[in-house]
Amino acid sequence: MKELLVKESDYVYVLPKGTVQGQKVPVYFYLSDKLFELLEEDAIKQAANASTLPGVEGAIYVMPDVHVGYGFPVGGVMATRLEDGIISPGSIGYDINCGVRLIATNLRAEDIVPVRKQLMERILQEVPAGVGSTGKIKLSRSELREVAVKGARWAVERGFGFEEDLEHIESFGALPNADPSYVSTDAFDRGSDELGTVGSGNHFVEVQVVDEIYDQEIAKKLGLDVGQVCIMVHSGSRGFGHQVCVDYLRIARESLKRYNIDLPDMQLACMPINSEEGQAYFKAMNSAANYAFANRQILGFITADTIRKFLRISWQELGYRLIYDLAHNIGKVEIHKGKKLLVHRKGATRAFPPYNPEVPPAYRDIGQPVLIPGDIGRYSFLLVGQPRSMEISFGSACHGAGRVMSRTKAKEFVKKEGLEKILKDLVVVARGKGTIMEEIPQAYKDVSEVVRVVDALGIAKMVLRLRPVGTLKG
DNA sequence: ATGTTC
């Protein structure tokens, strides 16, 4: 299908409306020439499939870190009209509210670098990571219901963080319209002991240092300077959100006939937003999203507390300050160009511009922070949302590097090259070697190239780069 | 992503 894409301008390729059968809107791919070469046929097909869905509005947008996903590509943005559109679990993702948090500290690189190995070993002891890992927090059914409604606030009330953290979280760390009575017993069972755990795959807790600044003025307003130590958390809603997705994909498949929805791919199984099933999924999805906000709140706090105890310093000396926390797998009701839409972001980050009311007051004149984690060996980036995102991507940017090598291929590569040689002087801790082998830097696209594209398009502005000091993986 | 092929 690649030959059907038309290069409209630098970084913009379009699959014009009318190219595929039943297509309702065009599909825009935001790519450099280099990333265009890496674009997979199946990812194009998946984005094209979504452009045929009922009530899809404007266009489908695909970010430069695109890769094939379940039904809808990772890196995809789709908006559907509330009155006649659908809601698609596969277009939000299995890991509901997978997202990123960045915490600043007053520490300098030299405080951490000499002791980074011991520090990461300590963090490994305190922060549970890995598939099926469980935490110290055991939740009763009623407590879990509370988590699902209150989100990050629940964690703060239990002592995991501070009231002022909440102002620096997307949607204040608690999405409205969460109703855990629409969440299954299976999900409750899986969620009861996984709060405050990292998970697996590309999830991590990382100690980082501000490495390079591209916009001094904005970095200053964020209170960030070269050499400053930060904590980045990348995790989601664990088994709780996964089960919500599984449950509602089944419900969606079973309700397709009832609502006369015809699909090019069963993985895009969806429900009218204005249906009993669609509303049920929306309320369950928001519950899982709030679980993820609480999860990252706890993870970030425990990590900061561990660093503090390791260095034997006070909270004041540590200077813990939440910069921002955001979702990159989520469906949200937003108004774009005067229309009330459900914006599906799957591997895409909200990137609202300055003076948008959703941007925290402290950042109002610089725009919403956009946190882009890279792979374990390279860099992560902080950008801020720009006005053009509201014109060309429903206020969205990319979310990360994006895979280029399959997990299997990555493991074969490690067996051939040797893990020590690949990781060189990186400090990466984990309970097992499996995930690290799948997550080697070579398995990912260069995140620098990805953020360069969203910066060049005016979706989000590059502010600074962070480099890893030590990484905890699942 | 995921009690990693219920």
Side-chain angles (χ1 to χ4, degrees), chain A residues 43 46 65-76 88-101 128-135 137-139 144 183-205 233-251 253-254 267 284-285 287-289 291-293 295-296 299 326-331 344-349 373 375-376 398-403 405-412 430-439 443-444 472-474:
Chain A
Q46 289 185 330
D65 48 343
V66 57
H67 59 95
V68 173
Y70 180 91
F72 190 61
V74 176
S88 154
S91 306
I92 288 168
Y94 271 97
D95 190 3
I96 295 164
N97 190 3
C98 181
V100 191
R101 161 173 298 229
V131 173
S133 59
T134 56
I137 305 162
K138 309 289 178 211
L139 299 170
L144 189 39
V183 175
S184 71
T185 309
D186 283 352
F188 269 88
D189 289 344
R190 292 180 67 176
S192 64
D193 57 4
E194 288 188 333
L195 200 62
T197 67
V198 181
S200 184
N202 60 2
H203 289 173
F204 62 75
V205 167
V233 176
H234 180 201
S235 189
S237 51
R238 311 286 288 102
F240 189 71
H242 185 268
Q243 192 60 45
V244 167
C245 185
V246 168
D247 291 338
Y248 282 92
L249 277 169
R250 185 178 57 79
I251 290 167
R253 278 195 300 271
E254 290 168 357
Q267 294 188 351
M285 185 267 296
S287 303
Y291 184 99
F293 280 131
N295 191 35
R296 289 193 296 273
L299 286 169
L326 54 80
H328 56 220
N329 277 8
I330 196 79
H344 299 67
R345 295 192 181 94
K346 179 181 182 181
T349 309
D375 58 76
I376 54 179
C398 58
H399 88 303
R403 262 186 186 280
M405 205 186 275
S406 72
R407 284 158 192 251
T408 318
K409 279 230 172 83
K411 277 190 222 169
E412 284 166 10
R431 304 221 167 145
K433 286 267 185 284
T435 303
I436 302 178
M437 289 168 68
E438 294 171 358
E439 293 291 315
Y444 283 89
L472 167 68
K473 294 291 290 184

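Atoms considered below: every heavy atom in the structure, side chains included; atoms not considered: hydrogens, waters and symmetry mates. Fair warning: this is a prediction, and the values are worked out from it, not measured in the lab.
- A straight line from CZ of A:R431 to P of B:dT4 spans 18 Å, rounded to a whole angstrom.
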Validation: residues 67-76 of chain A side-chain donor-acceptor distances under 3.5 Å, sequence neighbours left out:
none

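- Taking the side-chain hydrogen bond (donor to acceptor under 3.5 Å, both in side chains) definition, one finds that A:Q243 meets it with A:R190, A:D247, sequence neighbours left out.
- Residue A:G239 is in sugar-phosphate contact alone, with no base atom involved, counting any heavy-atom pair closer than 4.0 Å across all strands shown.
- When heavy atoms are screened at a 4.0 angstrom cut-off, A:G241 is found touching no nucleic acid atom at all.
- Between A:N295 atom CG and B:dT2 atom C1' the separation is 14 Å, expressed in whole Å.
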message: Run the side-chain contact (heavy atoms from CB on, under 4.5 Å) test on A:K473 and A:E438 for me, step by step, so that the C-alpha distance in whole Å, both residues' side-chain angles and the decisive distance to 0.1 Å come before the verdict.
response: CA-CA 11 Å; A:K473 294 291 290 184; A:E438 294 171 358; over 6 Å; no

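- In this model, a donor atom of one side chain and an acceptor atom of the other lie less than 3.5 Å apart for A:D95 and A:H203.
- If you take CD of A:E194 and P of B:dT4, they are 11 Å apart, rounded to a whole angstrom.
- Residue A:Q243 contributes atom CD, which lies 14 Å from atom C1' of B:dT4 at whole-angstrom precision.
- For the pair A:K473 NZ and B:dT2 C1', the interatomic distance rounds to 15 Å; values are reported in whole Å.
- Between A:R407 and B:dT4 there is no side-chain N or O to OP1 or OP2 distance below 4.0 Å.
- Using a 4.0 Å heavy-atom distance criterion, A:G201 is classed as a sugar-phosphate-only contact.
- Rounded to an integer number of Å, the gap from CG of A:D186 to C1' of B:dC6 is 10 Å.
- Atom OH in A:Y94 sits roughly 11 Å away from atom P in B:dT5 (whole-Å rounding).
- Between the CD1 atom of A:I96 and the C1' atom of B:dT2 there is a distance of 12 Å, given to the nearest Å.
- Donor-acceptor pairing under 3.5 Å is recorded for the side chains of A:E439 and A:Y444.
- Within the 4.0 angstrom heavy-atom criterion, only backbone atoms of the sugar-phosphate kind lie near A:S200; the bases stay farther away.
- For the pair A:E438 and A:D95, both in contact range of DNA chain B, the more 5′-proximal nearest nucleotide belongs to A:D95.
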